[in-house]
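Below: the structure, in structure tokens.
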Amino acid sequence: MPFYNWHHLSPPQTARTEALWLLRPCPVSLVASPRLAFIIGPERVQLSSSILPSRSPSVPRSGSADVPELLISSSGLSSSNMAHIVGYPRMGPKRELKFALESFWDGKSSAEDLKQVAKDLRASIWNQQKEAGVTWIPSNTFSYYDHVLDTTAMVGAVPERYGWTGPSVEFDTYFSMARGNKTTPAMEMTKWFDTNYHYIVPEIGPETKFSLASRKALDEYKEALELGVKTVPVFVGPVSYLIMSKATRDAPKNFDPLSLLDSILPVYKEILSELKAAGAHGVQFDEPTLVLDQESSRYEAYKKAYDFLGAEFGSGILIETYFADLPAEAYKTLIGLESVGAIGVDLVRGIKTLELIKEHGFPAEKKLLAGVVDGRNIWANDLAASLTLLEGLVADLGKDRVMVSTSCSLLHTAVDLKNETKLDDEMKSWMAFAAQKLHEVVALANALKGNKDEAFFAANAAAQESRRNSPRVHNAAVKEATKNLEESEHRRATPVVNRLEEQQKKLNLPILPTTTIGSFPQTPELRRVRREVKSKKITEEEYTKAIQTEIQNVVKLQEDLDLDVLVHGEPERNDMVEYFGEQLQGFVFTANGWVQSYGSRCVKPPVIFGDVSRPSSMTVYWSKYAQSLTSRPMKGMLTGPVTILNWSFVRVDQPRSTTCLQIALAIKDEVEDLEANGITVIQIDEAALREGLPLRKSEQASYQDWAVHSFRITTCGVKDTTQIHTHMCYSNFNDIIHSIIDMDADVITIENSRSDEKLLSVFREGVKYAAGIGPGVYDIHSPRIPSTEEMADRARKMLAVLESKVLWINPDCGLKTRKYAEVVPALTNLVAATKQLRAELASAK
């Protein structure tokens, strides 16, 4: 059965749901008082979370005089309840989709089993939003892997190498694009703007032919209707989709995927036509690229796209923007789009957009969706402050023209606080996960309409005051230690070229040294051992013995493979950030605060709630033990301060830069303890350095200054003979290469294999990098095992632009998500490829 072409469901026939379908169109302006109502009447909801008062924000009962109405006219969308969310997490509160996906990929369950789990999750999500009182409920935000990949499937932009012949994209093709298969590598994966979410990068060339190859949006819209839920289908907007694409490898040098806008728009129009025929009266297009700095000519693309699509949907089009302020020209473009009836803006990370509204006005025929509830953090909203902001907008724009929304999709936050049974009541009172944010949106929307829930607001105000003044948050000694850090650059005194010479005398490594990035496969047995020591089913002594045995096995395996610089495999670590956060003060941890990173991969970000310090060493015991097992260099493995910051839910009561400096001091102490205990190679991962780069160019220099400075603080105290490595994950590094150089690490390992060696173009263009560098030759995010010749060929491309004396050979990233059946042959091939290249270099002399 085609992947996205499920059974088209018929409208429900019960008396209650028939009322939900009743539409009597009448001509009405978007901001006029509508004459017809599409009514949903959710019952009053009692929240189970201990952080909330005994009742939820007032949600009128169906049939009452003050029933909230979602008003749908033939000309578009309007609402008197004014509650909207941009999107919602897909994985489920207990990662149900993750486990269903991995079971399907392992051949343990069927495609139908996976689809049923997905269907149940969607139903739960829609009903939860309906019961909370959300009136503009999104659909088509669910995904089996990635919403950008879903768009690639919808428009039929499947790269030729996957052998797809149409007409519909099925599971095999979809997951091959995402993960690769035995013969074909996966598509490139990179960070979604400045988040830790990864998307599959579309590949567009002059030869790309678009066709409607997935009706997922239509199927899910009808699926929701059968449940009695009228939704607003959500799409990645056509302009953002093309801008976030890359040109195919054989495309002309200056080819711009956006040049195919005229070709892709008819596919969008076709699915809109089918949605309209099915009863949809509004659609949401996410156009986050509007927040980026762009050439003026690009804004014409948005006008062209929505003039074309507006002919199909009238003013029922909502354009959603997020993650930053809108540039002035983008704002003026948006408010000038006649076919757009509503505009969503991020008023958490984009508060300066308010200045544009005041300066340039806001059209009387449009609605403003004010994103005041943070979609990227877990802190409870300051409801009083948000309401004040919203009331100011209402005073400027008018009572029925402002809707309450999230700043972005709730995809980027944890799912439901009610599943956190180990956090204390005070800490929970400071937090709101996605489920709780639904109620914050509704509470604000109701208050804006004069139906303020005083008890809910009072409880929120008390929690805000508690967090501001809690002694748990503030540590005077830490504040004092970080106060004067900016007065020094914290650079190592000796240039990197000279340090590398001293390190080589000590380490005596061969040309093209081989290493891995840190972690080895996390087996079910390892996870069981960690789980059982936490639940006290085994003793600390039993746990230590089990971890030591695993380290022995990993060290022996690396020696057998003949790798040059070894790692201990990190068997004691659950996550590269969580492991450190658990041992630092100022952090707290959730049990189920999972957030999707890519595909089935979820992370559980630590919560930084207070000042950060290191009570004692965190990694020295295991690194010393691992080094005692081998005469080869053993890397000490740390996570850097910027990555810990960017992969955590961070406190919002002080600048992020201040928190980062506090973490840097803690990691500095750990680096120096490792060196004092005989570890001569120390890797400080900054996988998320690029991720935190602000989207607006005017803000980037400041971020790069304090982020790079934080890294240098961690290494400034070590000897010249101690080799400092760092590692960076999937992202676009070309625009920060000079900051990478300024970090002053001795060796950097970096993703390269999945992105068509994009990184190497920097060096082809003349950038000189004096330190060691290991652009990855093995894509570990795919189960595919690359051959010896394939990895050797990648390394040859590197040698064309890099000196052999600085090149390292390594995988793209850590190996924890892979199986040993994949890792062992892949690393065998990696070492064989390296030896082949060493022989070629020797014979060339």
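When reading the values below, keep in mind they use all heavy atoms of this one structure, side chains included, and skip hydrogens, waters and symmetry mates.
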### Task
Quick one: pull up CG in Leu290 and OG in Ser240 and give me the separation to the nearest 0.5 Å.
6.0 Å
### Task
Given side-chain contact (heavy atoms from CB on, under 4.5 Å), test Glu320 with His84 step by step and report yes or no.
CA-CA 11 Å; Glu320 188 66 54; His84 165 267; 3.5 Å; yes
### Task
Apply side-chain contact (heavy atoms from CB on, under 4.5 Å) to Lys399 and Lys449, showing your working.
CA-CA 8 Å; Lys399 186 176 181 181; Lys449 302 299 288 187; 4.3 Å; yes
### Query
Rounded to the nearest 0.5 Å, what separation is found between the CD atom of Gln284 and the OG atom of Ser139?
9.5 Å
### Query
Which distance, rounded to the nearest 0.5 Å, do you find between the NZ of Lys452 and the CG of Leu444?
10.0 Å
#### Entry: Pairwise distance CG(Leu334) to CZ(Phe362) - rounded to 0.5 angstrom
8.5 Å
## Note on the structure
Sequence neighbours excluded, the answer for ring pair (Phe, Tyr, Trp, His ring centres under 6.0 Å) partners of Phe235 is Phe285
### Query
What class does the angle between the rings of Phe175 and Tyr145 fall in, given that below 30° is parallel, 30 to 60° is tilted and above 60° is perpendicular?
perpendicular
### Message
Return the CG to OG1 distance between Leu326 and Thr353, rounded to the nearest 0.5 Å.
### Response
4.5 Å
### Query
Are Val595 and Leu411 side-chain neighbours, meaning at least one heavy-atom pair lies under 4.5 Å?
no
### Message
I'd like to know if Asp374 pairs up with Arg349 as an ion pair, taking the criterion as any Lys NZ or Arg NE/NH1/NH2 lying under 4.0 Å from an Asp or Glu carboxylate oxygen.
### Response
no
### Task
Can you spot which of Tyr199, Phe142, Trp192 makes a ring-ring contact (aromatic ring centres under 6.0 Å, His included) with His147?
Trp192
### Task
State the CG-CE distance between Leu318 and Met403, to the nearest 0.5 angstrom.
8.5 Å
### Message
Looking at Lys428 and Glu420, is any side-chain nitrogen of the basic one under 4.0 Å from a carboxylate oxygen of the acidic one?
### Response
no
### Task
Inspect the contact between Glu102 and Lys98 and indicate whether a charged nitrogen and a carboxylate oxygen are less than 4.0 angstrom apart.
yes
### Minimum side-chain heavy-atom gap Lys437-Val441 below 4.5 Å
no
### Query
Got a salt bridge between Arg376 and Asp346, using NZ or NE/NH1/NH2 to carboxylate O under 4.0 Å?
no
### Task
Would you check if the distance from the ring center of Phe171 to the ring center of Phe104 is below 6.0 Å?
yes
### Working for side-chain contact (heavy atoms from CB on, under 4.5 Å), residues Trp136 and Thr231
CA-CA 7 Å; Trp136 285 19; Thr231 61; over 6 Å; no
### Query
Do Met177 and Leu149 pass the side-chain contact (heavy atoms from CB on, under 4.5 Å) test, and can you show the C-alpha distance, the side-chain angles, and the key distance before you say yes or no?
CA-CA 8 Å; Met177 290 191 288; Leu149 183 61; 3.8 Å; yes
### Message
Any donor-acceptor pair under 3.5 Å linking the side-chain atoms of Ser597 with those of His198?
### Response
yes
### Message
Atom CD of residue position Glu338 - does it have more than 12 heavy atoms of other residues, nucleotides or ligands inside 6.0 Å?
### Response
no
### Query
Do Leu337 and Lys303 come within less than 4.5 Å of each other through their side chains, counting heavy atoms only?
yes
### Message
Testing Phe323, Phe649, Tyr88, Trp594 one by one against His412 for a ring-ring contact (aromatic ring centres under 6.0 Å, His included), which residue passes?
### Response
Phe323
### Query
Do Asp150 and Tyr144 meet the criterion of a side-chain donor-acceptor pair at a distance under 3.5 Å?
no
### Basic-acidic side-chain contact under 4.0 Å: Glu223, Lys119
no
